[in-house]
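Input: a single structure, listed below in structure tokens.
Letters A, B, ... mirror the listed sequences (proteins, then strands); counts begin at 1. Because only heavy atoms are used, hydrogens play no part in the values below, and waters and symmetry mates are left out as well, while side chains stay in.
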Amino acid sequence: MFFLSHIWLIPLLPALGAAIMFFFGRKLQKATVSAVCVGSIVLAFIMACGAVWQYSAWSSPGEHFHQPYQTILYTWLGTDTGHLTYTTHDGAQAPFQADAGFLLDPLSSIWLLFVTGVGMLIHIYSTGYMAHESGYYRFFGYLNLFMFSMLTLILANNYVLMFVGWEGVGLCSYLLIGFYFHRKSATDAGNKAFIVNRIGDAGFLLGMFFIAWNFGSLRFADVTQLAHSGRFAIGDPYITAATLLLFVGACGKSAQLPLYIWLPDAMEGPTPVSALIHAATMVTAGVYMVARSNALFVLAPASMKTVAIVGALTAIFAASIALVQNDIKRVLAYSTVSQLGYMFLALGVGAFAAGVFHVFTHAFFKALLFLGAGSVIHSMSGEQDMRNMGDLGHRIPITHRTMFIATLAIAGIFPFAGFFSKDAILWETWSREGGAYRLLWYVGYATALMTAFYMFRLMYLTFHGRPRMSHDAEHHIHESPVSMTAPLVALALCAIVAGWLGWPHSLGGSDRFTAFLEPVFATEANVLQQQGRTTQLEAGAKEEERNTTGEWVLMGLSLAAAGLGWGMAWRNYRHADKGYTEPIAAVPPVYNTLLNKYYVDEGYDYVFTGRRKLGNARLGVLGLGEGSSWFDVHIIDGLVNGAGWITRLTATISSWWDKWIIDGIGVNGPAILARMFSYPARLFEWGLVQWYALVMTAGLVGFVFYYVYH
Amino acid sequence: MQNHILSIILFTPLVGALVLLFVPKENKDAIRWIANLFALGGLLVSLPLVPMFWSQMQSADRFKFIEGVPNNWIPSIGAGYVIGIDGISFLLIMLTTLLGWISILSSWTAIETRVKEYYVWFLILQTGMLGVFMALDFFLFFVFWEAMLVPMYLLIGIWGGPRKLYAAIKFFLYTLAGSVLMLLGILFLYFHHHALTGIYTFSLTALYETAPKIYSDPAYGPGIATLLFFAFFFAFAIKVPMFPFHTWLPDAHVEAPTAGSVILAGVLLKMGTYGFIRFSLPFFPDVLMHTKVRGWMITLSIIAIIYGALVSLMQKDMKKLVAYSSVSHLGFCTLGIFALTPLGLSGSVLQQINHGISTGALFLIVGILYERRHTREIAEYGGISNVMPVYATITMIMFLSSMGLPLLNGFVGEFTILQGTFMENWRWGAWAVPGVVLAAAYLLWLYQRVFFGPVTNPKNEKLHDLTPREVLTFVPLLIMAFWIGLYPKPFFEILEQPVNQIVQDVRHPRSGAAVNAALQATPPATAAVTASSTRGKN
Amino acid sequence: MGALSQFNWNDYLLALPITLLTLFALGILLIDLMLPPESKWVNAVTALIGVVFATAGVVKIQLWLQAGHLPPGSGWPGLMGTIYMDRFALYFFYLFLAGTAVSILMSMRYMQTEHENHGEYYTLMLLSVVGMMCMASGYDIVLIFIGLELMAISTYVLVGFLRRDRRSNEAALKYLLLGAFSSGIFAYGLSLLYGLTGSTNLGEISRELSRLLYRDPHNAVAIVALLTTITGLLFKVAAVPFHQWAPDAYEGAPTCITGFMSVAVKAAGWAMLLRILIWGLGPMRAVWLPLLVFVSIATMTGANFAALTQTNTKRLLAYSSIAHVGYMLLGLIAGTATQLSPDGIKGILIYLLVYTFMNLGAFGVITSLRHRNVIGDELDDLNGLYARAPVEAVLMLIFLLSLAGIPPLAGFWGKYFIFLSLIETGHYALASLGVLYSVFGLYYYLKMANAIFMGQPEERGLLPVSWTMRAALVVTAFATLVIGIMPDRFIQIVNWSLGLAQSPAVAKLIR
Amino acid sequence: MAPVATPFFFYLFAAIMVIGGVMVITRKNPVHSALALIVALLAQASIYLMLYAPFVAGVQIILYAGGIMVLFLFVIMLVSIDRSIRERQFNSQWVVGLIAATALGGLLIAVYTKGTNIFPEHALSVVENDNTQQVATMLYGQYMFPFEIASLLLLVAIIGAVVMAKKRI
Amino acid sequence: MESILHITTLHYLVLGAALFLLGVIGVLTRRNVVIVLMSIELILNAVNLNLVAFSRMWGGLHGQIFAIFIITDAAAEAAVGLGILIAFFRNKETVNIDEVNLLKW
């Protein structure tokens, strides 16, 4: 059981790599850097495979049937004695504890495998892609740090440790997006990513607190067990709040509406980063977290609905933007957002397994697409605009072919990976009871159509049609080195076969993927059942209700959509030359809106960040900051000093006064106060002795008068 | 040694100051060496305290290593040289000795004029701060509290920036204004104690017994108790500083020399929070538990968190930015305190330590740049990470620590505070959370403007990276940041007992009957006095 | 006690310090005639010896009193009832002598620089101490009045001692005119008191007054008598609105005399004020207590505000000393508000003790700034003092902080007891006001500290400071620190002087 | 044994005193003022006599009218008064001063006249003929100490006057 | 009529008050220092009048003794005051009191 009991080594290996880079990286050869960093990931991958393998043996029928494997290194937050307590919702005292503990179960196994696997491939790819960049060690250090964070996120046995990974991946995303820190756009994008993620993280934090408040623990095992115990009613407001807040976190991390804005900008980072972080792994953390909390979500139908609706809207929203984008990576970015929407749609309708399945297949084909795009960019010497590409197919054949496979997969063409996962989602949505869910299905369906269209548009614009690049660039076009193409091929293979794991029952398969995840996911039905509100029988009946025919019809429909999209793209872009026309451009308002991404960024800049001014007024956070600092300097300081209002008042009355205040020492309150009161007090003493005597006499008269006639 | 460890820690810096007095002031290097030696010595003598405290941690005594007996200093008024520590003060003392050493080390090249004086005042300041954290006699506490203002005032005033006079005076006046009111409060408690027991004493443990009774005392009642609470509140709130008493802070920070800022942010601000924990909470439990009072405290804390962060966002001066960020961070600390839960309280203490480490480091960071370029305008910089990569890396880590990234120290404190507060009232926790987001915003934006991009200003091209001495100043801070981030358990264990005790005091103050019973149990001589003078005035 | 018309040998003893001082004063006059100009310092030394002898005389009286086992709080009516020698008086004797000794030390170099180093200076100083002693120990309003005048007239001359200096002239003239005017009013009040009671003895006056007030609680003439008397008293301690002479006189006088006035003369004024108000006019407490509340608030307010923007250090310290009077008046209010709490009076006595040292120290430093053509009393003259005289600068910082009441310096204890008594007697508002004004005070003290430590000196080179001045400064600084850090002994002394029995609780603690 | 026509003489001397006082404070020439003061003081001495205080009256005449006023006259001669005679005699605050002083005097008089019975009205029979002896007994008896101090006071006055007035000491 | 013709202590008191009033007026309004000093003498004389009258009223001699002391004091004050005035006059060539305003504020 070496691998299983040393499961904590999996995140630690990349951490070690990162630490080595941090301390010694600058002095190391590139080869050493590659060896250390790639090596650590390879080791981690091997460890991961071993661990999953041992886990499946460990949890097979018998003693630990369907149990997660946990190992706790030490108590991270809080004390062992547990005397540091807090009061939970029901008034009990719960110990404040968070372990540095790791957990392996089917859900984390899946993530573990594809994260280490894809990560490994991308590391290898990067050795080629980044070969000529300065800061090579830095890049790999960050990548390893990212792997550490991501693996911590996946393997954590409690929410707090998960949050560590959660924030860690955000940080690495920030660092990697801003890798080219000379470019302001890159650092801007990095900041945006981090801050938007932080907003989500804030939600996550609060969600965590709600959970702790309700359950008295933040361990997944405890929470799940308590949630299943029936102590909490379905629709419990605090659990709804908790899940909604968790979902806010997921929105941030997984780029859902309205927090998706950072992801397209994140393409400023090097392409392998986009592939690893912003396509395959990090962005799916939100999905992971929601799936991980499924026991809670099931208790909160309102949250489920929210997740589903947000997911569907994101899917179609991002897809529509992707229709007209010209930057190859941006198209892929929006496509990622859209696909993530799909995943949330699945989660929201309760099809957790389908959602996870889509994450799994998506990881391969989307990573492949990005890496392919990277290869294209690499061959084009950095050109990313598809309007300047064309006819690359035969010049970089491996890239072309692998990317084509990925496109087929994402478009949902049978029997590529995407077909199975997407179909599962659509089917689950359709078969979900309640009219509104049908609406979501329509949205999903439309998205599928768009997906096929924009992906094939990308393919045709890039690899077919007339070459539109400059001669100089054309001259340099070359296929990428083996270190880059090999991962492409490997991923292409996965993009084909990954879906077969979940070959549906309706097509005569056994859907082993869902079966594998079965023990992790609760459904509303079995919650109800556990709470004793429905009988075993009813639950069984619902299970049996699979309408095989209906499923076939839907499959046909979605295939038709994919075909339609492909066809439209083929018709429009097959022969694209310079100055080709976009079909949507026929309706300029729509086209412009889409091209400018619904002006959302601008809106944010105006309203929320305050980066742009509306007239003279800065709005949003920066405006608030500006206002606050004005307030601080002028009002609070003034008020506290006791003379702020005097300053203000007199400054407006007379500019002379203003000048005097600003020029003199009088900017500050005390001095003004001093002058206001001190001079009269001193003028009282104007040097004439008889005046002094008069004051004395007057004082005496006053006293006598007061005391005698009072 | 065991019995006098605290005194040794307390007076080592003072001895250093005295020794320095006899070094000719022209011999600057000798002065620097001696000062550093004593600062390091101060740290070293405090290190044995760690195992010693650890071994005594589980003892039931509230305060450990008590030295001196009550009233041994000025018997005629009942003031004594009594010092002792519990977990909270232990941590703050260790922080003080560490930061003291670092600040003095960091001043090696920064201070060129009047070197001798500088170190003398600094070492005196060090003793003053340690005294505040050790005193178990209210009077002794007050003396240290005030005495420590003077060296700080001079440090700002002599070695500070262009508006140093203004800043120094403002600092001094604000703090003094708060503390004199506290003095009145102390005197009231003193008489109240006398009225109940017939004994005039400033002993903290004695006042713990009687002060909470003011609230339910028919002769005084809640009104007076609240008034007293506010007398203390102003002193501590100004020191912390809580919104809206914070305006001295940016000025003082900006004008102070680097080491001064480090100490100011790292230790001096903690005196306010420490005061709340040590005095306000056990003295006025009923007042604090009053919804309105607590509501105000919490509101002010939350405003400080958000407001401080917002103001930071728009600062053009790096040091000012860091200063305002302190307001925000200290908002978390006070929030944790007034949540009045063990969790909030221990988080608050931890966060105070964290703030000392992170913000201390941030001021060092700004100071290093200032020393090279003599400006702190953010606009003057850009692309620094090109020329100073090591510096940029350390800065990044410290920024991350400051914004509360997990596995670094800041997160542990903030998380604990937030959870503690949330469990008390989820709305409070919810309001405080945006501060976390804003912290990321202002720090990252600062980082971007200073470190990223190409080097646009030709003056920045020739900057040299950190010297080994400068790196050395950061090493302990980095180690602490990672230690607390990765393995905070020892800290929680140290805090466990005192925070539970305090919360116990606040939430379940001993009933009047219990106190009376305790008084009855005292020797007959005291009892007789009690009988004769209790309620003498009524 | 009544008037003891018998004159016995004890009375010689009681007059011993006064006699000694007079003898030395006259001796200086004679010696001065024989001294060549370059050895005028002998005058000062003689004066110092005189002070030492007088101190010995006071010690002798103290020992005699202790041997007589008088009950605490009571004294020995001597010299046919005109004086009342109790611990209170002895305390003030020591205070006057200490202040005088330090002032003499401070004067030596200064008067030389001014070319006015005459024996008369020291004669007048010693004679004014005689007057002070009469004020502190006098129990007959005639003696008190004559003592007051003796002190006052000596001081007028001392203030004007720099005859060639216009400011000194002017200060003396103003001080004299106002002093004489206030003495007139004071004497008028005393005459009314005599008219009301038929006696000049304070004890008799007190007894008759209470009888009178018992019959007629709102006796208008008594009120007028009280108010006119109190005008004179408040004038001497410089309380608003009778304070205006102080800044002018302080500024114009030779700096060492300013110091002398601000401590010894002021202490004498306080001794007289306490003596008359508490021992003599005690029955009228209901009238003067609210008056004092008003006066103390006005004093603190006026003085603190006026000092804020002051640029002349002597004047600034003058205002500050007025402000301190305000605090001390608070102590009087608290100390007499109820019969139970003597802490306020205790506060005043401690205040005067520490004030003697810290204020003299501060004036000493300013005195030492006078050299060649520099008067040295402007704030700018303090600029960069640290560079020119580091020891003096640090000592000045100690004095200033002590004046501001920062613990653990002596000045804190004065304020401490006063606020203590205010809290004890429930004057919370007054206490808050007082402490806030003390923060105010810090502002102008810091202005001086700023100049000293952060200003740039106009002149280079070290400031010449004579060893006598050094000695004076060291003594005062030492006292300031010692009283600050180890106040217990001094608190005991004050308790002793007030004849306070150790309260059982405190006694238990000491044991 | 009350003196004859006491009211008449009282009012006469009182009038002389008051008129003299008024002249003191109104005359331009200080010499005139001094002379007026002497007249007032002499009138006051007479009143002392009426009050059976012959010794005080004597002192008043000898010391005051004889000594102090001569001193005044000397000084008036010493300092040049020509300029001050030609200038304004009253300062700029004289109206306020007058009002304040009058208010004070008015208050005093009002207080005295309202409370006539405040003072015990027992005109004791004093042995008039040995007034001087009695004064001497008290002065050298009960008031011996103040008397000694008064001598110091005069000493101080001498020293002070010498120090101040002499050009070189 | 009775109250006017029957001379009581009150009459002396009122006379004293009048004298006092005149003295105060002189102090407060006259510019010439010499006259101001004389006004102070008036005030002291008012006191003396009171004292002697009270002395008569009480039948004791304390008041008279006090009056003698005050006369002594008046003499001393006058001597020193005039001395200071002379010193002042030497420096400033004036005896006008409102020109004595070097020290202020």
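- For C/Ile83, the part sitting under 4.5 Å from any heavy atom of chain D is the side chain, from C-beta outward, and nothing else.
- At a 4.5 Å heavy-atom cutoff, the contact between C/Leu124 and chain D is made by side-chain atoms alone.
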Please report the C-alpha distance between C/Tyr84 and C/Arg275 in whole Å, then the side-chain angles of each, then the deciding distance to 0.1 Å, and finally whether the side-chain contact (heavy atoms from CB on, under 4.5 Å) criterion is met.
CA-CA 10 Å; C/Tyr84 187 68; C/Arg275 203 47 120 185; 3.9 Å; yes
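- For the atom pair NE2 of C/His115 and CZ of C/Arg164, the computed distance is 8.5 Å after rounding to the nearest 0.5 Å.
- Here the straight-line distance linking atom CE of C/Met85 with atom CH2 of C/Trp76 works out to 12.0 Å at 0.5 Å rounding.
- C/Tyr175 and C/Thr155 share no side-chain donor-acceptor pair at under 3.5 Å.
- Side-chain N/O atoms of C/Asp140 and C/Asn201 include no donor and acceptor closer than 3.5 Å.
- Annotation: residues 18-28 of chain C contacts chain D through C/Ile18, C/Thr22, C/Leu26 [non-hydrogen atoms, separation under 4.5 Å].
- Rounding to the nearest 0.5 angstrom, the gap separating the CD1 atom in C/Ile205 from the OH atom in C/Tyr139 is 9.5 Å.
- Using a 4.5 Å cut-off between heavy atoms, C/Ser154 contacts chain D through both its backbone and its side chain.
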Run the salt bridge (Lys or Arg N to Asp or Glu O under 4.0 Å) check on C/Glu208 and C/Arg211 step by step: do they pass?
CA-CA 5 Å; C/Glu208 285 296 324; C/Arg211 203 172 301 161; 3.2 Å; yes
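- Between C/Ser183 and C/Glu149, the side chains place a donor N or O and an acceptor N or O closer than 3.5 Å (distance only, hydrogens not considered).
- C/Asp216 pairs in a side-chain contact (heavy atoms from CB on, under 4.5 Å) with only one of the listed residues (C/Leu212, C/Leu213, C/Asn219), which is C/Asn219.
- Within the 4.5 angstrom heavy-atom criterion, no atom of C/Asn169 approaches chain D.
- Distance check: C/Cys134 SG to C/Leu150 CG gives 6.5 Å after rounding to the nearest 0.5 Å.
- Heavy atoms of C/Leu127 lying under 4.5 Å from chain D belong exclusively to its side chain.
- Counting heavy-atom pairs closer than 4.5 Å to chain D, the top residue among C/Val130, C/Val157, C/Thr228 is C/Val157.
- Residue C/Thr123 touches chain D through its side chain alone, counting heavy-atom pairs closer than 4.5 Å.
- Here the CD atom belonging to C/Glu120 is positioned 10.0 Å from the CE atom belonging to D/Met164, to the nearest 0.5 angstrom.
- Residues of residues 148-159 of chain D lying under 4.5 angstrom from chain C, judged on non-hydrogen atoms, are D/Ile149, D/Ala150, D/Leu152, D/Leu153, D/Leu155, D/Val156, D/Ile159 in numerical order.
- In this structure, a donor-acceptor pair under 3.5 Å is present between the side chains of D/Tyr143 and C/Thr200.
- Going from atom CZ of D/Phe9 over to atom CE of D/Met50 covers 8.0 Å, rounded to the nearest 0.5 Å.
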